[in-house]
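Residue numbers start at 1 and run along the sequence shown. Counting starts at 1 for both ligands and their atoms, in listed order. None of these values were measured; they are calculated from a predicted model. All heavy atoms count here, side chains included; hydrogens, waters and symmetry mates do not.
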Amino acid sequence: MNNQQVDCDCDTVPQPLLSVDKALEILTSSIKVTNDTQLIALDDALGRVLATDICSDIAVPGFDNSAMDGYAIHLQEEQINTSGGFVFEITDRIAAGNMGNTLLPGCAARIFTGAPTPKGANTVMAQEECELIDDSTKIEIYRPIALNENIRPLGNDIQLGDMILPKGKQLKPQDIALAASVGVGELKVFKQIKVGIFFTGDELIEPGNTLKQGKIFNSNRYSLVAMLNKLGCEVINLGNIKDSFDATCDALKRLQSKCDLIITTGGVSVGEEDYVKPAVEKLGKLDLWRIKVKPGKPLAFGHIDNTAFIGLPGNPVSAMVTFFLFVQPFIKKMQGINSYQNQAMQVQCGFDWHRPRPRREFVRVRLNHSTVPISAELYSKQGSDVLSSMVWADGLIEVPEDSAFSQGKILNYYSLT
Ligand code: AMP
Ligand code: MG
């Protein structure tokens, strides 16, 4: 693979052209995973990342119990799996949370879902299959009965000592519930990483103000802060910073001491108005990359002391797509998450692609669920400035470098939802 070839047709200072995979490898291999941890209550655990394995010191369920509202029965040897009607005398009533008495042979206990099956009970019949007879003192069952019907055995879900949740898992509602089900009331999680962000460009105006000639509203501020919030980062947002060397240095210095990562958008090309590169270079170290990807060719990666720096391109689609491709796995890994890579799904393209291009493209698509198999439809305008393409789309199709194909081709699809 030739990742280091030099592209000579664009900028005055040729930069190395990196493949997407190489850029991702350099980024993610440089990460120092956070080691700050804290104890949190289960109610605060959603989206947080476990800092230890969780093992269960109980079995769940902790006792054999009924899966039905019905009757627990002490079935006798000769009654097992034989046909004919059987009559059982009702001698007990057991609601969930209560313990019943030992059930004698030929007897039944009224039992409710989740209640412990009493000693002696060897099967449970659903109430719909039991006919109450003799003034409701007995039940009669007309079908053959097997042993252990409708009994949830001790440890059916979790065995004593099972590792139920691994270190590095980002907690979903069901994970928190599983911890609760074994009686764990607090979880040790990694502290949220702190991400500082600011935006460059004298053309930027904050939404809510009047737009002047030649200016645009700052939309990256809102896409990126929202994506950082979604990832559970603590965000320090300096907003729009004036396009000047001193203002950029000042913003970087303010964030550096407080943050694990600094992100900017805009100003990472080598235009005269781009101050991010010289400012980071003055305070730390920076590599300016030209990645073989569309959208989002320019990307800057560096460090100021121990704080990582990623400079994203300014175009709104490029900023979001490069965040998704590079920053999201970077942050997830830094945050201690085991499965930090973006996961692709194999999806059939519902469009032709006739012009092979040297850069890998991540095109905005929407899945059409009415076809078999599901197919991806392409948004008509794929410019890196067309933010509405991101709103229309539900994901990205990864079109490999130098490829042409007709519809029906199966490619990687990444969900943006
Ligand atoms: P740059 O990377 O600074 O050369 O910017 C590339 C393009 O993205 C220009 O058209 C900018 O006006 C636009 N842009 C830069 N920053 C933002 C932002 N925060 N919100 C929306 N558009 C932006
Ligand atoms: Mg700019």
Item to complete: Please name the residue in the list R359, R357, R364 that meets the salt bridge (charged side-chain N to carboxylate O under 4.0 Å, His left out) test with E361.
Response: R357
Worksheet, complete the sentence: For F217, the atoms of ligand 1 under 4.0 Å from one of its heavy atoms are 20 (N), 21 (C)
Worksheet item: So F330 and F301, would you call those rings parallel, tilted or perpendicular, with 30° and 60° as cut-offs?
Response: perpendicular
Worksheet item: So which heavy atom in the protein is nearest atom 21 (C) of ligand 1, and how far is it from that ligand atom?
Response: S219 OG, 3.4 Å
Worksheet item: Is any NZ, NE, NH1 or NH2 atom of the basic residue among D92 and R110 found under 4.0 Å from an Asp or Glu carboxylate oxygen of the other?
Response: no
Worksheet item: Can you tell me the protein heavy atom closest to atom 9 (C) of ligand 1 and the distance?
Response: E203 OE2, 4.1 Å
Item to complete: Please assess R360 against E401 for the test salt bridge (charged side-chain N to carboxylate O under 4.0 Å, His left out), listing each intermediate value before the final yes or no.
Response: CA-CA 4 Å; R360 190 178 303 184; E401 299 84 343; 3.2 Å; yes
Worksheet item: What protein heavy atom sits nearest atom 17 (C) of ligand 1, and how far away is it?
Response: N220 ND2, 3.2 Å
Item to complete: Give yes if a backbone or side-chain nitrogen or oxygen of G314 is under 3.5 Å from a nitrogen or oxygen of ligand 1, and no if not.
Response: yes
Worksheet item: Ion pair present between E234 and K191, side-chain N to carboxylate O less than 4.0 angstrom?
Response: no
Worksheet item: When you look for heavy atoms under 4.0 Å from ligand 1, do you find them on the side chain of I216, its backbone, both, or neither?
Response: side chain
Worksheet item: Which one holds for N240 and ligand 1: side chain close, backbone close, both close, or neither close, with close meaning a heavy atom under 4.0 Å?
Response: neither
Worksheet item: Would one find an N or O of N218, backbone or side chain, under 3.5 Å from an N or O of ligand 1?
Response: yes
Worksheet item: Which residue supplies the protein heavy atom nearest to atom 6 (C) of ligand 1, what is that atom called, and how far is it?
Response: N315 N, 3.8 Å
Discussion item. Looking only at protein heavy atoms, which one is nearest to atom 3 (O) of ligand 1, and what is the separation?
Written reply: G267 N, 2.9 Å
Worksheet item: What is the nearest protein non-hydrogen atom to atom 4 (O) of ligand 1, stated with its residue, atom name and distance?
Response: S269 OG, 3.9 Å
